[in-house]
Amino acid sequence: MAKTSSADGRTRSSVQIFIVVGLCCFFYILGAWQRSGFGKGDSIALQITKSSEECNIVPNLSFDTHHGGDISKFDEGDSKPKVFKPCHARYTDYTPCQDQQRAMTFPRENMNYRERHCPREEEKLHCLIPAPKGYVTPFPWPKSRDYVPYANAPYKSLTVEKAIQNWVQYEGNVFRFPGGGTQFPQGAEKYIDQLASVIPIANGTVRTLLDTGCGVASLGAYLWSRNVIAMSFAPRDSHEAQVQFALERGVPAVIGVLGTIKVPYPSRAFDMAHCSRCLIPWGANDGMYMMEVDRVLRPGGYWVLSGPPINWEVNYKAWQRPKEELEEEQRKIEEVAKQLCWEKRSQKAEIAIWQKTVDTESCRSRQDDSSVKFCETSDADDVWYKKMEDCITPSPKASSKGLKPFPSRLYAIPPRIASGSVPGVSSDTYQDDNKKWKKHVAAYKKINRLLDTGRYRNIMDMNAGLGSFAAAIQSPKLWVMNVMPTIAEKNTLGVIYERGLIGIYHDWCEGFSTYPRTYDLIHANGLFSLYNDKCNIEDILLEMDRILRPEGAVIIRDEVDVLMKVKKLVGGMRWDTKMVDHEDGPLVPEKILIAVKQYWVVGGNSTSTQ
């Protein structure tokens with residue numbers, strides 16, 4: 001590396017200070033704006049104007065001196081950015097790949113119609129999804145666990161349908177979530193206490209949970225205080241907005257269903273899986289759904305089933321189902337569990353708990369081979385749009401050895417890396433990646449001082465790598481949805497789960513399985529370079545805008561030429577942006593584009609800090 005003269009060093013240092021001071025003003029304005037009523041009203045406009053004047057002692061950022069003439073040529077030579085118009089008000093809660101009208105054209109067998117069915121190219125929207133009138137920034141955690149502003153998800157159907165089950169209540173201009181559920185009307189805390197009498201929840205052994213058919217995700221909401229993070233999913237169905245409620249509460253959730261396609265998670269990912277009256281026919285299709293849970297459950301992990309058919313002898317009348325039918329349903333479940341080498345640890349009242357055997361190889365050597373069908377796939381993590389199968393996924397011998405309890409596992413060498421199961425990733429490269437992202441996140445916190453305040457609860461990393469961004473930003477105030485692009489060079493989502501983090505596979509050429517306005521901050525590292533020539537960059541940015549809350553923040557890290565294309569497009573999307581140098585200085589070709597989505601609603605004007 002060439003030495004830098006003291007003069008050059010002072011120049012570079014002064015440039016970096018200049019950038020940070022300017023951006024602190026940018027986020028100071030944003031912070032005042034958000035604290036004072038979500039960007040609405042003349043008094044707030046005045047406050048922003050005064051703050052802007054105070055910050056004007058620092059001139060606008062310029063990249064002319066950093067990159068020669070290239071950027072100035074780009075700015076001068078190109079026409080004005082395309083302006084994206086708002087979509088019609090009927091698209092306020094649009095979910096492109098779970099559109100209700102499109103869903104009804106697909107078969108109902110095995111819930112196929114509730115799975116992902118994305119629009120064709122000519123059907124895609126090229127407009128901005130509006131927020132509903134009256135939309136406000138959600139309450140900070142932990143208040144958000146219990147209260148959601150009515151205007152953000154104005155659907156009262158669950159307050160009627162689930163009234164006696166204590167799911168949600170409507171009180172004035174908010175929804176209140178008492179922590180109840182179909183199987184825990186006395187509250188999630190008492191229900192979790194029952195599970196913890198059998199499952200080691202308190203000591204960090206159980207960190208990641210898959211909650212199938214999660215409702216409004218009260219289980220995940222109350223497990224958070226016990227250092228357990230749940231990946232909850234439920235379909236977009238007659239229980240209107242249940243996943244939207246979960247995300248408004250600040251609880252990880254996606255739209256999803258156990259149907260005909262494998263769930264978008266790696267094998268051996270979860271410490272625990274859970275179904276509380278989730279209405280999934282576990283014994284059907286030769287136990288296919290239980291086999292899929294087994295695929296994603298870590299050896300030694302737990303499966304909890306509460307509700308029908310457990311304890312059918314007592315409850316068949318209350319459930320209004322024939323006892324013979326319920327008895328046969330439980331018999332099938334027990335039979336499949338035996339095939340899977342799950343040991344039943346407990347059955348009390350309507351709660352049954354199984355544990356997946358750690359030594360599955362030894363267990364299956366004692367079985368009648370004719371009763372067990374093993375999957376032939378060579379890659380159990382190759383699941384994107386792959387058909388679910390009624391076969392058992394073998395576990396590698398060293399699959400979970402050395403997995404530490406959380407939080408130690410966050411920075412311990414993950415078993416998949418220690419065993420050499422991830423090509424091109426060694427223990428040294430893993431540790432180097434952690435150091436790099438600690439440095440990056442430290443720089444982000446200097447740029448945006450709201451990162452540590454709890455302002456951003458729901459965070460997404462669109463190209464998660466080894467999960468080191470999520471590890472570096474780890475806090476009880478927030479969670480990160482680590483997305484592994486299906487076209488990524490290395491599939492490391494299993495490593496992310498072994499760190500005690502959560503994530504999902506996704507192809508960013510399609511819509512994400514969530515409602516609009518469900519993330520407070522979106523991070524994208526190298527994403528646009530990865531998808532260069534794979535699909536339209538405009539579509540990816542519009543999807544980011546759809547899932548980002550008004551006044552939410554974006555951090556995009558990429559090569560400067562890529563970022564200039566992105567910056568031009570978002571110039572027509574009601575985002576305020578700033579370009580920032582790499583923390584190592586202006587000579588590094590990788591830059592950072594930060595953005596804030598303006599506040600605007602159906603029929604209303606936007607607000608801007610610039």
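Values below: every heavy atom of this structure, side chains too, minus hydrogens, waters and symmetry copies.
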### Summary
dist Arg249:CZ -> Asp146:CG (nearest 0.5 Å) comes out at 7.0 Å
### Query
Taking atom types as modelled, is there a side-chain donor on Arg457 or Tyr519 under 3.5 Å from an acceptor on the other?
no
### Message
Is the distance between the ring centroids of His523 and Phe469 under 6.0 Å?
### Response
yes
### Query
Does the side chain of Tyr505 reach to within under 4.5 Å of the side chain of Pro485, using non-hydrogen atoms?
no
### Task
Check whether NZ of the Lys or CZ of the Arg Arg145 lies under 6.0 Å from the centre of the six-membered ring of Trp224 and within 45 degrees of that ring's axis.
no
### Task
Without swapping roles, check the side chain of Ser426 against the backbone of Thr429 for a donor-acceptor pair under 3.5 Å.
yes
### Query
Is it the case that Lys436 places NZ or CZ above or below the six-membered ring of Tyr430, under 6.0 angstrom from the centre and within 45 degrees of the axis?
no
### Thr518 backbone acceptor or donor facing Asn458 side chain under 3.5 Å
yes
### Query
Donor-acceptor pair, Asn482 side chain versus Ile502 backbone, under 3.5 Å?
yes
### Task
Would you please indicate if the ring centroids of Phe177 and Phe245 are separated by under 6.0 Å?
yes
### Message
Within the 3.5 Å criterion, strictly below it, is a donor on Ser513 or Arg116 matched to an acceptor on the partner's side chain?
### Response
yes
### Query
Using a distance-only test with no angle check, is there a side-chain donor-acceptor pair under 3.5 angstrom linking Trp508 and Asp539?
no
### Query
Are the ring centres of Tyr147 and Phe175 closer than 6.0 Å?
no
### Task
Pick out which of Leu478, Asp520, Asn448 makes a side-chain contact (heavy atoms from CB on, under 4.5 Å) with Arg455.
Asp520
### Message
Just by distance, no angles: are the side chains of Glu248 and Ser144 close enough, under 3.5 Å, to form a donor-acceptor pair?
### Response
no
### Query
Does any donor atom in the side chain of Tyr531 or Asp507 lie under 3.5 Å from an acceptor atom in the other side chain?
yes
### Query
Is it true that the side chains of Tyr515 and Arg546 contain a donor and an acceptor less than 3.5 Å apart?
no
### Query
Has the side chain of Trp479 got a donor or acceptor atom that lies under 3.5 Å from a matching backbone atom of Gly250?
yes
### Query
Atom CZ in Arg416, atom CG in Asn491: separation rounded to 0.5 Å?
8.5 Å
### Query
Would a distance-only check, ignoring hydrogens and angles, find a side-chain to backbone donor-acceptor pair under 3.5 Å from Arg499 to Leu466?
yes
### Task
Would you sort out whether Ile229 and Leu223 count as a side chain to side chain contact (heavy atoms under 4.5 Å, CB included), showing the intermediate values?
CA-CA 7 Å; Ile229 186 167; Leu223 278 169; over 6 Å; no
